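Only one structure is covered here, and it is reproduced in the block below.
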Amino acid sequence: MASACPPAASTQPALPSGPAVFKTVPYAFILPEILCGTWVWILVAATSVSFPLLQGWVMYVSISSCLISLLLLLSYLFGFHRNSENWKVLDSLYHGATAILYMSAAVLQANATIHSEFSPASPLHYQLNSAASFFAFVTTFLYILHAFSIYYQ
């Protein structure tokens, strides 16, 4: 009699725990997401916020995404997921939604950068806004990579 095939769940790769998080492709993006998002937060906070509605949204997205990504990283490091497949869905949905929110924040920050180019404020504010725009788009790209790379495991 032929042996039965193993269940489909056993063929899925295990979710990483501990330091293996930093060596596994989709989960290794979490730390750069946090670092680049922190730079967005710092750079926007260092400028004179001349467009509070635009840059307030950028600050909200960068701070909340930073904190939630940090909690997600800690949960992977300490193994709270217990290798549940639901964590892959949660991770993918979170990073996909955050990528959309970060794209809106990056576009608004770029708009604030364009407006600050012609303002009488010092050129330092324009340079800080430019750097914040750059890191906002890099962070958006990292969140998109993370969200889509889960499907290609």
Side-chain angles (χ1 to χ4, degrees), residues 12-81 84-153:
Q12 296 289 331
L15 294 173
S17 293
V21 170
F22 300 113
K23 298 175 186 173
T24 310
V25 165
Y27 309 103
F29 290 129
I30 295 177
L31 192 58
E33 290 164 1
I34 293 170
L35 294 175
C36 289
T38 303
W39 273 111
V40 172
W41 174 20
I42 291 169
L43 291 167
V44 172
T47 65
S48 65
V49 178
S50 51
F51 305 102
L53 188 60
L54 301 179
Q55 291 178 306
W57 176 250
V58 175
M59 289 293 284
Y60 171 75
V61 169
S62 63
I63 291 171
S64 61
S65 300
C66 235
L67 293 176
I68 294 171
S69 292
L70 182 63
L71 290 174
L72 192 61
L73 177 63
L74 290 174
S75 68
Y76 280 124
L77 285 174
F78 293 121
F80 293 143
H81 54 76
S84 171
E85 286 297 313
N86 294 333
W87 277 83
K88 280 188 176 182
V89 174
L90 172 76
D91 191 278
S92 180
L93 287 175
Y94 165 70
H95 282 89
T98 306
I100 293 169
L101 294 176
Y102 238 108
M103 179 59 81
S104 70
V107 168
L108 291 175
Q109 180 58 37
N111 186 19
T113 302
I114 291 168
H115 288 304
S116 70
E117 181 179 13
F118 303 111
S119 71
S122 69
L124 176 67
H125 294 290
Y126 172 71
Q127 293 166 351
L128 289 171
N129 280 325
S130 296
S133 296
F134 172 77
F135 279 108
F137 280 108
V138 168
T139 308
T140 302
F141 181 67
L142 287 169
Y143 276 106
I144 290 170
L145 278 177
H146 189 127
F148 282 113
S149 65
I150 290 176
Y151 293 113
Y152 296 110
Q153 281 185 337

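Model, not experiment: these values are computed from the prediction.
- Listed by chain and number, the residues in a side chain to side chain contact (heavy atoms under 4.5 Å, CB included) with Leu74 are Leu70, Leu77, Phe78 (sequence neighbours excluded).
- In this structure Ser92 satisfies the side chain to side chain contact (heavy atoms under 4.5 Å, CB included) test together with Ile150, Tyr151, sequence neighbours excluded.
- Taking all atoms of both residues into account, the shortest heavy-atom contact from Thr113 to Ser133 is OG1-OG, 2.8 Å.
- In this structure the side chain of Tyr76 reaches within 4.5 angstrom of the side chain of Trp87, judged on heavy atoms.
- In this structure, Thr24 and Pro26 have side chains that are in contact, with non-hydrogen atoms separated by less than 4.5 Å.
- With a 4.5 Å cut-off on side-chain heavy atoms, Thr47 and Tyr126 do not count as touching.
- Of the inter-residue distances, the one linking Ile68 atom CD1 with Thr98 atom OG1 reads 6.5 Å to the nearest 0.5 angstrom.
- Between Ile63 and Leu67 the shortest side-chain heavy-atom distance falls below 4.5 Å.
- Within the structure, side chain to side chain donor-acceptor pair (under 3.5 Å) contacts touching residues 134-143 (residues at least two apart or in different chains) are Ser69-Tyr143.
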Name the atoms and distances for all side-chain donor-acceptor pairs under 3.5 Å in residues 32-46, with sequence neighbours left out.
residue : atom : partner : partner atom : Å
Glu33   : OE1  : His95   : NE2          : 3.0
Glu33   : OE2  : His146  : ND1          : 3.4
Thr38   : OG1  : Ile34   : O            : 2.6

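- With a 6.0 Å radius and a threshold of 12 heavy atoms from other residues, nucleotides or ligands, Phe141 has its CZ atom at or below the threshold.
- Here the CD-CD distance, from Glu117 to Gln127, works out to 11.5 Å after rounding to the nearest 0.5 Å.
- A donor-acceptor pair under 3.5 Å links the side-chain atoms of Ser104 to the main chain of Leu101, judged by distance alone.
- Every ring-ring contact (aromatic ring centres under 6.0 Å, His included) that Tyr60 has, sequence neighbours left out, goes to Trp57.
- In the displayed structure, Met59 atom CE is contacted under 6.0 Å by more than 12 heavy atoms of other residues, nucleotides or ligands.
- With a 4.5 Å cut-off on side-chain heavy atoms, Asn129 and Gln109 count as touching.
- In this structure the side chain of Leu142 never reaches within 4.5 angstrom of the side chain of Tyr102, judged on heavy atoms.
- For the atom pair OG of Ser65 and CG of Leu72, the computed distance is 11.5 Å after rounding to the nearest 0.5 Å.
- By the side chain to side chain contact (heavy atoms under 4.5 Å, CB included) test, Val89 is found to be paired with Leu93, residues two or more places apart in sequence or in another chain being considered.
- Note that the CG atom of Leu128 and the NE2 atom of His125 stand 7.5 Å from one another [nearest 0.5 Å].
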